[in-house]
Amino acid sequence: MPVHNSDISDMLRKAADLLEIEGADEFRVRSYRQAARSIDNLTENLTDKVSDGEDLTGIPDVGESIAEKIEEIVKTGSLKQLEEIKKRVPEELADLLNLEGIGPKRAKEIYDELDVDSITDLREAVEKHKVREIEGFGKKTEEKIGRELERQSNQESRTLLSRAEEIAEPLLEYLNECKEADRIVIAGSYRRRKETVGDLDILATGEDEEAIANHFVSYEDVDEVIKKGEKRTSIRLKSGLQVDMAVLSKESFGAALIYFTGSKEHGIHLRERALARDLKVNEYGIFREGEDEPIAGETEEEMYEALDLAWVPPEMRENRGEIELAEKDNLPDLITLDDIKGDIHMHTTYTDGGASIREMAEAARDLGYQYIAITDHSKRVNVAGGLDADELAEQLKEIDELNDETDGIRILKGAEVDILEDGSLDLPDDILSRLDLRICSVHYHMDMDSDKQTERILKAMDNPWFDILAHPTGRLLQKREAMELDLEAIMDKAAEKKILMEINANPERLDLNDRNCKMAMERGLMISVATDAHSIGDLKNMKYGVYQARRGWLEPKNVVNTLGVDELLEHFGKNG
DNA sequence: GCCGTTTTCGGCCCGACTGTTTTCAGTCG
């Protein structure tokens, strides 16, 4: 079994959790977590680095000790130290840390006092009212744990960004009705445009904190008020989504916006940077030592400036090197929705789409696009009524006719060709050669082992008509894991063959993800951001693809469908 | 366990809220 970076970071995190429960030095625990996080942000494979004999201490937050541990994991597949800790602290005890309100100290108390070492045991202990008997615990704490156990068992812990938007927009509208609030914004991972959000973080400015908080908790969809303080209030909506609100003065709006937008790691990096300059950063502003008046705080820009940094777009605030770029004023000029000139992945009634070619074209024209590409499925996808060569040829005729009679949008000829099990493509070369562009993808046998799956795709890429690899990993958020494959090998070959990777903008796919997108960009690959629309409404999903592209640091020049139609055709013409 | 714009040793982000306590520890973001 190949060792993935995520296997290594998982082990380090597990070690951190168990060490923390055991009562190890908190900074040591933090080091393990930081190293794990840093490994997750790598765009290169640690297994390769180790076999190349590279010095791993060059990785941020990896020192000699953790470098040795990484090597051990790569070479043996396990970590002796972790196995040792597991003998002292039951592994499943770490699951308790996922419950809100339980941290390392309480997990240890529960284990020591009640011999509870799993979620199952804990549920039983709560039902028997054993937990409230522990010193420092009480009736309320036990009840809260009970509610958490209930909630965890019947619900996803994160919410798709698209779903979060459906919930946030009416809430925001309601909050804006509050006369006492001057300004209401949503921060957190929602503002960073992360593919899923854990909760919503809302910032409000205004003098009358209590009135604003009261308005908030009076929202009709509130299920439970989790906490209500002077400055912070948390509720849970009936949908299960938690919403936190902070009320503050407008003088500290920028500082609070940075603080509540996160990520946590980005914020910590900023505060450490401040410390090195004898400054203190908190959610109220930036302060010189011993002074009460902030030197910055009202806007994000002045906050970053006071730390000698350029303003960092929220999508990049993940502590993946953006602060170093901001220091050199060298941040990328991120792509925006306005840069997108066309959508080159969509389906019609020829296969499993809900609208005709004409309807899709007119809807796309209304969105301001110059072109679309029709890319219906090939015959292998029989559940969608995939097209064979003759049926596709019929479609090409209709596209020619429509282009003759339609103004304001160009309809390009394409197909989404299945990559078959043996690595061949599902349509013959002669029909592929008649298309403007071809996207290729895997829909069946996604569970092959990594070597075979990678081999399958690499072989398909030898076909000269392979233009774009669509939804490269096949994952569906919260439904299906990414396929096992060696994405680095695939991207290396794509670079060689000038094949593009897709960011599929469907909010359930968003595939490539942000890190893989950055990885592709660093290899010089071009990306297609496209919706895979199966209806007119789906065309509006483009924004989610653009968010993901921004999280992957993409500029317009990295994205093929920022090109005008002539340049786009020229681009794909070269491949053929 | 990591790291260096005073440091190779001695720091390590910072404040709000809750519950169970009589002054604060634990947790969270």
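Note that these values count all heavy atoms, side chains included, but never hydrogens, waters or copies made by symmetry. Chain identifiers are assigned alphabetically (A, B, ...) following the order of the sequence lines, protein sequences preceding nucleic acid strands; residue numbering begins at 1 within each chain.
Nucleic acid contact class of A:Ile134 (heavy atoms, under 4.0 Å, all strands): none. Within the 4.0 angstrom heavy-atom criterion, only backbone atoms of the sugar-phosphate kind lie near A:Tyr284; the bases stay farther away. If you check every strand for non-hydrogen atoms under 4.0 Å, A:Glu100 touches sugar and phosphate atoms only. Nucleic acid contact for A:Lys228: sugar-phosphate only, since backbone atoms but no base atoms lie under 4.0 Å from a heavy atom of the residue. The residue A:Glu283 sits close only to the backbone: its heavy atoms come under 4.0 Å of sugar-phosphate atoms, none of a base. Using a 4.0 Å heavy-atom criterion, one finds that A:Lys108 contacts no nucleic acid atom at all. Backbone-only engagement by A:Glu230 is indicated by non-hydrogen atom pairs under 4.0 Å involving sugar-phosphate atoms exclusively. Looking at heavy-atom distances under 4.0 Å, A:Leu270 makes no contact with the nucleic acid at all. Heavy atoms of A:Val29 sit nowhere under 4.0 angstrom from any nucleic acid atom. Residue A:Asp308 is classed as having no contact, given no heavy-atom separation below 4.0 Å to the nucleic acid.
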- request: Mind running salt bridge (Lys or Arg N to Asp or Glu O under 4.0 Å) on A:Arg13 and A:Asp40 for me, showing each step along the way?
  value: CA-CA 11 Å; A:Arg13 275 201 190 87; A:Asp40 283 340; 2.8 Å; yes

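Taking only side-chain nitrogens and oxygens, A:Ser234 never comes nearer than 4.0 Å to OP1 or OP2 of B:dC17. Side-chain nitrogen and oxygen atoms of A:Arg28 include at least one within less than 4.0 Å of the OP1 or OP2 phosphate oxygen of B:dG1. At the phosphate of B:dG1, OP1 or OP2 sits under 4.0 Å from a side-chain N or O atom of A:Ser65. Taking 4.0 angstrom as the limit, A:Arg271 places none of its side-chain polar atoms (N or O) nearer than this to OP1 or OP2 of B:dG15. Within the structure, every side-chain polar atom (N or O) of A:Lys264 is placed at least 4.0 Å from both OP1 and OP2 of B:dC28.
Atom name C1', nucleotides B:dT18 and B:dT8: the rounded distance is 42 Å, in whole Å. Using C1' as the reference atom, B:dT7 and B:dC12 are 13 Å apart when rounded to the nearest Å. Here the separation of B:dT20 from B:dC28, taken at their P atoms, is 15 Å to the nearest Å. Comparing B:dT27 with B:dT21, their P atoms are spaced 15 Å from each other, to the whole Å. The P atoms of B:dA16 and B:dT22 are separated by 24 Å, rounded to the nearest whole Å. Taking atom C1' in both B:dT6 and B:dG1, the straight-line distance is 23 Å, to the nearest Å. For B:dC2 and B:dC13, the C1' atoms lie 16 Å apart once the distance is rounded to whole Å.
Between A:Arg33 atom CZ and B:dC12 atom C1' the separation is 15 Å, expressed in whole Å. Summarising the geometry, the separation between CG on A:Leu275 and C1' on B:dT6 is reported as 13 Å, rounded to the nearest angstrom. For A:Glu26 and B:dC12, the CD to C1' distance is 9 Å, given to the nearest whole Å. Between the CG atom of A:Asp199 and the P atom of B:dT27 there is a distance of 19 Å, given to the nearest Å. Taking atom CG on A:Leu12 and atom P on B:dC2, their separation rounds to 10 Å, with Å as the unit.
Considering every non-hydrogen atom in both A:Ser189 and A:Arg158, the closest pair reads OG-NH2, 4.2 Å. For A:Ala164 against A:Thr159, the heavy-atom pair with the smallest separation is N-CG2, 3.9 Å. A:Ile73 and A:Val3 make their closest contact through O-CG2, 3.7 Å (heavy atoms, listed as atom of the first residue, atom of the second, distance).
Here the rule is side-chain contact (heavy atoms from CB on, under 4.5 Å) with A:Tyr547, and of A:Leu161, A:Asp514, A:Leu337 only A:Leu161 fits it. Between A:Glu322 and the choices A:His269, A:Met316, A:Glu315, the side-chain contact (heavy atoms from CB on, under 4.5 Å) rule is met once, by A:Met316.
Side-chain proximity of A:Asp244 to B:dG29, B:dC3, B:dG1: nearest is B:dG29. Comparing B:dC14, B:dC2, B:dT20 against the side chain of A:Asn282 picks out B:dC14 as the nearest. Closest approach to the A:Lys227 side chain among B:dT18, B:dG19, B:dC13 is made by B:dT18 (side chain taken as heavy atoms from C-beta onward). When the nucleotides B:dG15, B:dC2, B:dC14 are ranked by their closest atom to the side chain of A:Ser31, B:dC2 comes out on top. Candidate nucleotides B:dA16, B:dG15, B:dG29 were compared by shortest atom distance to the side chain of A:Lys231, and B:dA16 ranks first. Closest to the side chain of A:Arg106, from the set B:dC12, B:dG1, B:dT27, is B:dT27. Considering only side-chain atoms of A:Asp61, the nucleotide from B:dT27, B:dC2, B:dC12 that sits closest is B:dC2. In this structure, the nucleotide among B:dC12, B:dC3, B:dC17 sitting nearest to the side chain of A:Phe27 is B:dC12.
The neighbour count for A:Glu324 CD, taken as heavy atoms of other residues, nucleotides or ligands under 6.0 Å away, is above 12. Within 6.0 Å of atom CZ in A:Arg288, 12 or fewer heavy atoms from other residues, nucleotides or ligands are found, so the atom counts as exposed in its surroundings.
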